[in-house]
Amino acid sequence: MSARILLVSTMILLLLIPNSLNARNKEKEYVRTFFVNDSIKLTEKTIEKSKSFLGKAVDWFNATDTSYIQPNKYNLTFMLEQSTWFEHYHLGTTNENGNQLLGFAPKVNTKLGFYFGWRWIFLGYSFDLASLFKKEREKPKTEMVFNLYSAKFGLDLYYRKSGSDFKITTCKNFNNAEKYIGTSFNGLNSCIKGLNAYYIFKSDKYSYPAAYSQSTNQKKSCGSLMVGFAYSQHDISFDQSKLPLEIKNQIRPSLNFRKLTYTDFNLSLGYGYNWVFAKNCLLNISLLPAIGYKKSRINDAPTTPNTDWTQWVKDINFDLITRAGITWNNSKYYVGATLILHTYDYRKDNLSMTNSFGSLKIYAGFNFWKRKQYRRTE
C-alpha cells in the first residue's frame, strides 16, 4: 500500500514540476516585460520633458512683439566681412612738474573674413591680406571673437594679441617731444582676453541682434536699458630700452615698468536705441558705461598690500563699451557696417593707463535653410 502511495506521489510530482517551471518562467517574463516597458516609457517621458523644457527656454529667450520685431525665418547664415582693427595705449604720470604722457598705436590693419552663423551663434575667421605679400614678416596679430545673441541676452568672448608695429602718437613733457611723434616703437606688446554678458530689459520691442547679428528685423523704432557684466585679463609688457634715447633718459620712474598685468571685473548700465529710418533700414547706437574693479601687478608684484583691505577702493576705475551699427536687411539678404569700441581705464597712485581697442566692419551676407514654420507662409 505504501509503495503505491509513493508511486502515485512521484507521478503527481513529475506532472507538477513542468507546470511549476512554466509558471515561474511566465512570471519572470511578465516581470521583465513590465520593467522594460516601464523603463522605456520613463525614458520617453524624460526625453519629451527635456524637449518641452528646451523648447520653452528657446521661446523665452527669443520672445518678441512681432509688431516691432520680425523673427528670423532662417536657421543659417553666411557672411563676408572686411574689418579694420585698431588699438591705442596711453601711459601717464603726474608730479609737481605736470603730466608726462606717452601714447602708442599700431598701424591700422584691414582684414578679410568669412563667417557662418546658426540662429544665436556666430563663428568666423579673418586674415590680413597685406601680410601675405610682405617680404619682412612682422610679429603677427591675433583676434578671435565668439558672439552669442538672443533677444534677452548677449555674450561676447574675445582674445586679442597685439603685433610689434607700434608708433609713438603722444609725447608730452619731454624735450623735443614733437619730433618723436610717428616714430616706430616695437617695445610694447599686449594680450587681452575676456567676456561681456548683458541683459536687455525691453527685449520684446528692442532687438540687439537686428543691428549686430542680422538675425531679426526691427520694424519700428525703439530703445531699451541694458545691464551687463564683463571680465577681462590684460597682460602688457613695456620695454623702455627701445624708446628713442632722448625720451628714455627723461622718462619718470613710475613709467619705467616692464610688465603690467591686471584682471578687470565690471558692472555696466547703459542704453541702446534702434532707429528704423526707412523700410528694412536700421541705425543703432548703444553706450554701456561700467564701474570696474581692477586687481593688478606691476613687474609681478601686487600693487595693493594684502594686509590693508581698505586699499581695494583705489582699485575701482571706469570702463566703457560703445557700439554703433547701420544695416539694410530684407530677411533674405543683408548689408551693413558696425563700430565696436572697448575702453579700459587703469589708475594707480601716480601711474595711469587708458587702453582701447575696437573694430570697424563692413559686411554682406545671406540667410538660408528656412525654418519649418515659415516654409509655407510665402
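Not measured: the values here are computed from a predicted model.
In this structure the side chain of Arg160 reaches within 4.5 angstrom of the side chain of Trp85, judged on heavy atoms. Side-chain contact between Phe185 and Lys242 is present, with at least one heavy-atom pair separated by less than 4.5 Å. Counting only heavy atoms from C-beta outward, the side chains of Phe368 and Lys332 approach each other to under 4.5 Å. Residues Leu255 and Gln100 have side chains in contact (heavy-atom distance under 4.5 Å, counting atoms from C-beta outward).
Side chain of Thr93 to backbone of Asn350: a donor-acceptor contact under 3.5 angstrom is found. With hydrogens and angles disregarded, a donor-acceptor distance shorter than 3.5 Å links the side chain of Tyr212 to the backbone of Ala324.
Residues Lys248 and Gln240 come closest through the heavy atom pair CD-O, 3.4 Å. Nearest heavy atoms, Arg323 versus Leu288: NH1-CD1, 4.2 Å. The two residues Lys167 and Gly182 have their closest heavy-atom pair at CD-O, 3.7 Å. The shortest non-hydrogen separation linking Ala211 to Asn284 is CB-CB, 3.6 Å. Across all their heavy atoms, Tyr231 and Thr263 have their closest contact at CE1-CG2, 3.4 Å.
Taking the charged nitrogens against the carboxylate oxygens, Lys202 and Asp204 have no contact shorter than 4.0 Å, which rules out a salt bridge. With respect to Asp315 and Lys348, a salt bridge is recorded, a charged nitrogen being found less than 4.0 Å from a carboxylate O. In this structure, Asp239 does not pair ionically with Arg258, as no charged nitrogen and carboxylate oxygen lie closer than 4.0 Å. Using a 4.0 Å cut-off between a side-chain N of Lys or Arg and a carboxylate O of Asp or Glu, Glu178 and Lys172 do not qualify as a salt bridge.
Here the options are Asn355, Thr169, Thr170, Thr354, the test is side-chain hydrogen bond (donor to acceptor under 3.5 Å, both in side chains), and the partner is His88; only Thr169 passes.
Between Trp275 and Phe277, the ring planes are tilted. Angles from 30° to 60° get that label. Under the 30°/60° scheme for interplanar angles, the aromatic rings of Tyr333 and Phe366 are found to be tilted. Relative orientation of the Tyr262 and His234 rings is parallel, given thresholds of 30° and 60° on the angle between their planes.
Taken from CZ in Phe265 to NZ in Lys294, the straight-line distance is 11.5 Å, to the nearest 0.5 Å. Here the CG atom belonging to Leu155 is positioned 4.5 Å from the CG atom belonging to Leu157, to the nearest 0.5 angstrom.
Atom CD1 of Ile285 sits in a sparse spot, with 12 or fewer heavy atoms from other residues, nucleotides or ligands closer than 6.0 Å. For Lys193, the NZ atom is densely surrounded, since the number of other residues' heavy atoms within 6.0 Å is greater than 12.
Asn329 and Asn280 are not linked by any side-chain donor-acceptor pair at a separation below 3.5 angstrom, with hydrogens and angles left out of the test. A donor-acceptor contact under 3.5 angstrom links the side chains of Gln214 and Tyr363, judged on distance only.
Taking the six-membered ring for Trp and the full ring otherwise, the centers of Phe257 and Phe238 sit less than 6.0 Å from each other. Taking the six-membered ring for Trp, Phe229 and Tyr198 have ring centres at least 6.0 Å apart.
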**Study point:** Test salt bridge (charged side-chain N to carboxylate O under 4.0 Å, His left out) applied to Lys205 and Asp65, step by step
**Key:** CA-CA 6 Å; Lys205 293 181 174 65; Asp65 182 342; 3.8 Å; yes

